[in-house]
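This report refers to the structure that appears directly beneath it.
All residue numbers in this chain count up from 1 along the given sequence. Counting convention: from 1, in listed order, for ligands and their atoms alike. Just the heavy atoms: all of them, side chains too, but no hydrogens, waters or symmetry mates, feed the values below.
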Amino acid sequence: MERTLVLLKPDAVQRGLIGRITARFEDKGLEVVGMKMRHFSLETIQQHYAVHSERPFYKDLVGFMTSGPVVAIALQGNNAISVVRTVVGPTNSAEAAPGTIRGDFGMSFSHNMIHASDSPEASATELALFFSEDGDLIDWTPCTRDQVYNAAEEL
Ligand code: CMP
């Protein structure tokens, strides 16, 4: 199974969307294997968004992401990286289709509520950054897994 990182950004937290957004991932069948709420440091956020450091929006992005608490969630599932990005919707919330999280809850490009890893390399780096302590990630098997997936389908 694949693991991926989701960040519920300060706008999602301030708007009281933690529960509703997390429920979308659980409803889909994704497994929560890590969760922490923090006011993350400037250094952590700069490191996370280092790939955008030369972009004109970088300063605003870092300022926004350090403006308040963020919820980091580690999700697990078959093809979790692409499944999560489908559930989240495209970056510009105004253009995101109804049924996606951004399509249902947002109007903005920058206040788009969620960050989701976009590749296996990014998810590995990002999970290591936000879940670096022993015990941050939990190995467990939900009792519903055999119902959510059909093992025969994957043979
Ligand atoms: P995220 O998935 O967190 O990755 C980088 C973030 O930068 C992106 O979501 C947007 O919130 C933000 N972003 C990307 N492009 C722009 C832009 N042109 N203007 C403002 N914010 C942007």
Could you list the donor-acceptor pairs under 3.5 angstrom formed between side-chain atoms of residues 126-135 and any protein atom two or more places apart in sequence or on another chain?
residue: Glu126; atom: OE1; partner: His115; partner atom: NE2; Å: 3.0
residue: Glu126; atom: OE1; partner: Ser117; partner atom: OG; Å: 2.6
residue: Glu126; atom: OE2; partner: His115; partner atom: NE2; Å: 3.4

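- Residues Trp140 and Val33 are in side-chain contact: their nearest non-hydrogen atoms beyond the backbone lie under 4.5 Å apart.
- The OG1 atom of Thr144 sits 9.5 Å away from the OH atom of Tyr149 when rounded to the nearest 0.5 Å.
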Provide, line by line, the atom pairs where ligand 1 and the protein bring an N/O atom each to a distance under 3.5 Å; else say none.
residue: ligand 1; atom: 2 (O); partner: His115; partner atom: ND1; Å: 3.3
residue: ligand 1; atom: 3 (O); partner: Lys9; partner atom: NZ; Å: 2.8
residue: ligand 1; atom: 3 (O); partner: Tyr49; partner atom: OH; Å: 2.5
residue: ligand 1; atom: 3 (O); partner: His115; partner atom: ND1; Å: 3.2
residue: ligand 1; atom: 9 (O); partner: Lys9; partner atom: NZ; Å: 3.2
residue: ligand 1; atom: 9 (O); partner: Asn112; partner atom: ND2; Å: 3.4
residue: ligand 1; atom: 11 (O); partner: Lys9; partner atom: NZ; Å: 3.1
residue: ligand 1; atom: 11 (O); partner: Phe109; partner atom: O; Å: 3.3
residue: ligand 1; atom: 11 (O); partner: Ser110; partner atom: O; Å: 3.4
residue: ligand 1; atom: 11 (O); partner: Asn112; partner atom: OD1; Å: 3.4
residue: ligand 1; atom: 11 (O); partner: Asn112; partner atom: ND2; Å: 3.3

Less than 3.5 Å apart, which donor and acceptor atoms pair up between the side chains of residues 86-97 and the rest of the protein, not counting sequence neighbours?
residue: Thr86; atom: OG1; partner: Ser82; partner atom: O; Å: 3.0
residue: Asn92; atom: OD1; partner: Ala94; partner atom: N; Å: 3.1
residue: Ser93; atom: OG; partner: Ser108; partner atom: O; Å: 2.7

Per-pair distances, 0.1 Å, donor-acceptor, side chain in residues 1-22, under 3.5 Å, sequence neighbours excluded:
residue: Glu2; atom: OE1; partner: Ala80; partner atom: N; Å: 3.1
residue: Glu2; atom: OE1; partner: Ile81; partner atom: N; Å: 3.0
residue: Arg3; atom: NE; partner: Gln76; partner atom: OE1; Å: 2.7
residue: Arg3; atom: NH2; partner: Gln76; partner atom: OE1; Å: 3.1
residue: Arg3; atom: NH2; partner: Asp139; partner atom: OD1; Å: 2.7
residue: Lys9; atom: NZ; partner: Asn112; partner atom: OD1; Å: 2.7
residue: Asp11; atom: OD2; partner: Met113; partner atom: N; Å: 3.1
residue: Arg15; atom: NH1; partner: Phe105; partner atom: O; Å: 2.9
residue: Arg15; atom: NH2; partner: Phe105; partner atom: O; Å: 2.8
residue: Thr22; atom: OG1; partner: Ile18; partner atom: O; Å: 2.7

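- Proximity of Val148 to Glu31: side-chain heavy atoms (C-beta onward) are nowhere separated by under 4.5 Å.
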